[in-house]
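See structure below.
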Amino acid sequence: MASKKFSDLTPKQQGLILALLPVVLAFVVFYNFVSPLSKQASQLQTQVTALHQQNMRGRMLEMRRAELRKKIAQAQNDLAALREIVPDEPAEDQFVTMLYSTAKASSVYIRVVQASPPVRQTYFAEMPFQVHLDGTYYGMLSFFARLAGSPRIVNVAGLSLSSPAASGGGRGSYKPGAQETLAANCVLTTFYNTPLLVSSPKKPGR
């Protein structure tokens, strides 16, 4: 059967073909150009979304890391403050120096400082000192008030008050001045950290 030419078609058929031609051309253009570009744009948008989410997670992690750094710094400051209150070492020399500095600031005279053996506890050790001092009543108040406000913990026990009396000859001898109207004997106890005590297992009896 011989194919018909466009001119052989009826005007109605020619009009129908001319009407459908733009649709066909639009489909061809869409299928060959628009659709691939649309898919590519969709893929790019997916990548952009993924990168954005990754960037947001990165920002959140950075913020979280900054918060953790602040908490670590605060914890280190707190630990340093606690080590001033209860140090990891006995630091006897520093403690005795602090006592004499406090006494001098309070116009009190420390006559005797004698260390006693440390008392070991589970988490810490007590370090007691037998102390004899004299001065004025208000000087004593100032001395103990300053001790209470010192960075290191200091407990006062066995406090007894009396009139000042001159010490005999030899080491630690002294003669109280006329302004020294009160003497005090006490035990000043400070503390330091110790490793946790682990009790050794008892051996079974034979």
Side-chain angles (χ1 to χ4, degrees), residues 64-203:
R64 180 60 178 168
R65 184 169 63 178
E67 291 177 359
L68 290 176
R69 285 177 176 174
K70 290 181 180 179
K71 289 182 179 180
I72 291 173
Q74 184 61 44
Q76 291 175 342
N77 292 335
D78 293 343
L79 180 60
L82 288 174
R83 282 177 173 167
E84 288 187 6
I85 297 173
V86 183
D88 294 332
E89 301 294 336
E92 294 179 347
D93 294 342
Q94 291 88 333
F95 180 72
V96 172
T97 300
M98 185 270 291
L99 290 182
Y100 277 100
S101 298
T102 304
K104 183 177 180 180
S106 304
S107 298
V108 168
Y109 299 92
I110 295 179
R111 303 302 185 180
V112 178
V113 177
Q114 183 177 358
S116 300
V119 180
R120 183 77 178 270
Q121 304 294 342
T122 303
Y123 298 101
F124 60 91
E126 301 176 359
M127 192 166 59
F129 292 83
Q130 301 286 337
V131 179
H132 176 75
L133 61 158
D134 54 49
T136 64
Y137 174 78
Y138 291 104
M140 293 289 184
L141 290 180
S142 175
F143 175 75
F144 289 113
R146 289 173 185 269
L147 282 186
S150 64
R152 193 163 177 177
I153 295 177
V154 183
N155 284 353
V156 181
L159 179 63
S160 63
L161 303 177
S162 62
S163 300
S167 174
R171 185 178 180 183
S173 61
Y174 66 93
K175 183 177 181 180
Q179 74 280 5
E180 298 165 32
T181 58
L182 188 65
N185 289 289
C186 61
V187 178
L188 301 180
T189 303
T190 189
F191 308 87
Y192 63 92
N193 291 315
T194 59
L196 179 64
L197 285 176
V198 180
S199 58
S200 57
K202 296 181 179 179
K203 295 182 180 180

Self-check item: Verdict with reasoning, I110 to V131, per side chain to side chain contact (heavy atoms under 4.5 Å, CB included)
Solution: CA-CA 7 Å; I110 295 179; V131 179; 4.2 Å; yes
Quiz item: How far apart are the C-alpha atoms of V187 and Q130, what are their side-chain angles, what is the distance that settles it, and do they pass the side chain to side chain contact (heavy atoms under 4.5 Å, CB included) test?
Solution: CA-CA 5 Å; V187 178; Q130 301 286 337; 3.5 Å; yes
Quiz item: Hey, mind stepping through F129 and Q114 against side chain to side chain contact (heavy atoms under 4.5 Å, CB included) and telling me if it holds?
Solution: CA-CA 5 Å; F129 292 83; Q114 183 177 358; over 6 Å; no
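Interatomic distance, I153 CD1 to T190 OG1, rounded to the nearest 0.5 Å: 7.5 Å. With values rounded to the nearest 0.5 angstrom, T189 atom OG1 is found 8.0 Å from F95 atom CZ. How far CD of Q94 is from OG of S101: 11.5 Å, rounded to the nearest 0.5 Å. We find the CE-OH distance between M127 and Y192 to be 7.0 Å, quoted to the nearest 0.5 Å. Rounded to the nearest 0.5 Å, atoms SG (C186) and CG (L133) are 6.0 Å apart. To the nearest 0.5 Å, the span separating CG on N185 from CG on L159 amounts to 8.5 Å.
Minimum interatomic distance between P164 and L182 (heavy atoms only, all atoms of both residues): CG-N, 3.5 Å. The shortest heavy-atom contact between P117 and P128 is O-CD, 3.7 Å.
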Scan the side chains in residues 137-148 for donor-acceptor partners under 3.5 Å anywhere in the protein, sequence neighbours excluded, and list what turns up.
from	atom 1	to	atom 2	distance (Å)
S142	OG	S106	OG	3.2
S142	OG	R146	NE	3.1
R146	NE	S106	OG	3.2

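Tested against F191 for a side-chain contact (heavy atoms from CB on, under 4.5 Å), the candidates Q121, E126, R152 yield a single pass: E126.
With a 4.5 Å cut-off on side-chain heavy atoms, V154 and M98 count as touching.
The local environment of CD in E89 is sparse, with at most 12 non-hydrogen atoms from other residues, nucleotides or ligands closer than 6.0 Å.
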